[in-house]
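This report concerns only the one structure given below.
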There are 2 protein chains.
Amino acid sequence: MAIVATVSTGTFLTPLCMSCSVRSASVCSAIKDQDVPRLAGIATVMDVAVGKLLIEAGEQALYFFNVSSGAAKLYRLLPDGRRHIIGFVRSGDFLGLAAGEDYAFSAEALTPLKVCRFTRKKLYDLLSDFPAMERRLLQAASNELAAAQDQMLLLGRKTARERVASFLRSEAAHTPSAQGHSWALLMTRGDMADYLGLTIETVSRTMTALRKCGVIAISTASDVSIEDTAALESIADGTLLN
Amino acid sequence: MAIVATVSTGTFLTPLCMSCSVRSASVCSAIKDQDVPRLAGIATVMDVAVGKLLIEAGEQALYFFNVSSGAAKLYRLLPDGRRHIIGFVRSGDFLGLAAGEDYAFSAEALTPLKVCRFTRKKLYDLLSDFPAMERRLLQAASNELAAAQDQMLLLGRKTARERVASFLRSEAAHTPSAQGHSWALLMTRGDMADYLGLTIETVSRTMTALRKCGVIAISTASDVSIEDTAALESIADGTLLN
DNA sequence: CGGAACATGTGACCTAAGTCAATTTACAGG
DNA sequence: CCTGTAAATTGACTTAGGTCACATGTTCCG
């Protein structure tokens, strides 16, 4: 199921870590240059093609992952096929903390994906020697927890309009090139719907409505831009009444 | 706002830690007996009356808490007053990980509450000397993250009936005395509604419906029991079609 | 013991968002 | 440059759950 291509493993990855473009922005930054060989020694670099699974729900949770480039969606299914996307991961994100014995979610590549894979046990062993990295992980978990609470508020109490506005604001914030410009959404309307607890049709209609009132512009379905940041903000936060 | 009564502070709390009924079940179990004075030295024991705030949203996040007895609800508000309960904490639970610079949520006592309060900075310093406790915190954060993902699936994709059934199952699991017996719900219908993304009326009607079809029994509003565990399970998981 | 002040339960009705059904793009592969 | 397939949009209609209104407990002080 989870068809992936393992590129390479082991200590000879040291140069890859040293030149890793996301190391400074990820939990790996807690490892100093001279200790990088230890880190590289337990890492496996993998490529995942678009649409392929990196993690499949129900599998034994043997690994942690760190995303070096690309993006993926994480989702859970109900027995009758209802799907909910619990989040997206991107360059620099750490993946797998929220797992027990087995993974409760699946992870599917949205773009060509490059990840570093660590066996849980080996990474835990490594953490004992590098408390700074454990601290970074704890902080990453705290941030994810705070984001999860935001999302619970969104799913529990926001309207469709507020959800879509919140989503676009957050996407723009995650996309450096989006500041004042249009950018490419990585996900389909269906993904957005499953992330926001809506249907495809409602997402589509809401996007159109936001476009018609001048808050956003949509050139193609995946190429959007924010035209009125203040309005988007106040819709997202529920400050606007109309 | 957050009116609380500080009972006592400092190392002379050592006997309190040693006899703490939740120590073995909490992150504090990572501290060995001989090191307990260090732990007790940075703790403040506090009592919070029902309805009083332990944490107020927007305040500077100076503290972590560990619940020794009682329960509290954690909630966030939208500007127009819509409320969402992001979770409940009970004996043994650690509280405050999901905070940035400021608390994003408020915490209100549901029952008379006893907590140990730690300054964030002091606890972080302590963690550097007790990696086992840091590991426990990381595990606690992982568990919370997994629970948050369950709740996102519930809020995004489950029906009212499935939400209420999931809630009752989870409450029963958190209440040792609930196995095969009735137990007292700690929260009002309003709290349940704000936790499940519903209204009071829908929670009330759904509880009545579950009672009428023999899945649960309700003696008084807060005293409930599970009459058909298998049915409740299959409703909660969305396995049942009718 | 009495009676506010809440909390809960239940009807009657409403609406935001879901469902169903066509079109209309958009893009990947030949 | 087609053309087949999947994604998106849009309209018409339905519905689960929300809103409003009111009756009925409960609780807990004084």
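When atom types are taken as modelled, the side chain of T199(A) and the backbone of T202(A) share a donor-acceptor pair closer than 3.5 angstrom. The backbone N or O of A217(A) sits nowhere less than 3.5 Å from a side-chain atom of R211(A) that would complete a donor-acceptor pair. Checking side-chain atoms of R157(B) against main-chain N and O of L198(A) turns up a donor-acceptor pair under 3.5 Å. When atom types are taken as modelled, the side chain of S19(B) and the backbone of P15(B) share a donor-acceptor pair closer than 3.5 angstrom. Looking only at distances, no side-chain donor or acceptor of K73(B) sits under 3.5 Å from a matching main-chain atom of I85(B).
Of the charged side-chain nitrogens involved, at least one lies within less than 4.0 Å of a carboxylate oxygen, so that R82(B) and E162(A) count as a salt-bridged pair. Of the charged side-chain nitrogens involved, none lies within less than 4.0 Å of a carboxylate oxygen, so that K52(A) and E108(A) do not count as a salt-bridged pair. Contact check on R83(A) versus D191(A) returns a salt bridge, with a Lys/Arg side-chain nitrogen under 4.0 Å from an Asp/Glu carboxylate oxygen. Classification of R90(A) and E171(A) as a salt-bridged pair holds, one side-chain N sitting under 4.0 Å from a carboxylate O.
Relative to the ring axis of F105(B), R76(B) does not place its NZ or CZ within 45° and under 6.0 Å from the centre.
Between I235(B) and A165(B), the closest heavy-atom pair is CG2-CB, 3.6 Å. The heavy-atom pair separating S68(A) from V22(A) by the smallest distance is O-CG1, 3.3 Å.
If you check residues 148-158 of chain A against DNA chain C, you find no residue with a heavy atom closer than 4.0 Å. Of the residues in residues 197-225 of chain A, G197(A), L198(A), T199(A), E201(A), T202(A), R205(A) come within less than 4.0 Å of DNA chain C through at least one heavy atom, sorted by number. Across residues 164-172 of chain B, not one residue has a non-hydrogen atom less than 4.0 Å from an atom of DNA chain D.
Checked against side-chain contact (heavy atoms from CB on, under 4.5 Å), R205(A) has the following partners two or more places apart in sequence or in another chain: E201(A).
You can see that DNA chain D meets the heavy atoms of chain B within a 4.0 Å-exclusive cut from dG17(D) to dC20(D), reading 5' to 3'. Mapping heavy-atom proximity under 4.0 Å, the span of DNA chain C touched by chain A runs 5' to 3' from dA17(C) to dC20(C).
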**Prompt:** Does the ring-ring contact (aromatic ring centres under 6.0 Å, His included) test come out yes or no for F64(A) and F94(A), once each step is laid out?
**Reply:** CA-CA 8 Å; F64(A) 288 126; F94(A) 191 82; 5.3 Å; yes

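The aromatic rings of F167(A) and Y195(A) stand perpendicular to each other, their planes meeting at an angle above 60°, with 30° marking the opposite boundary.
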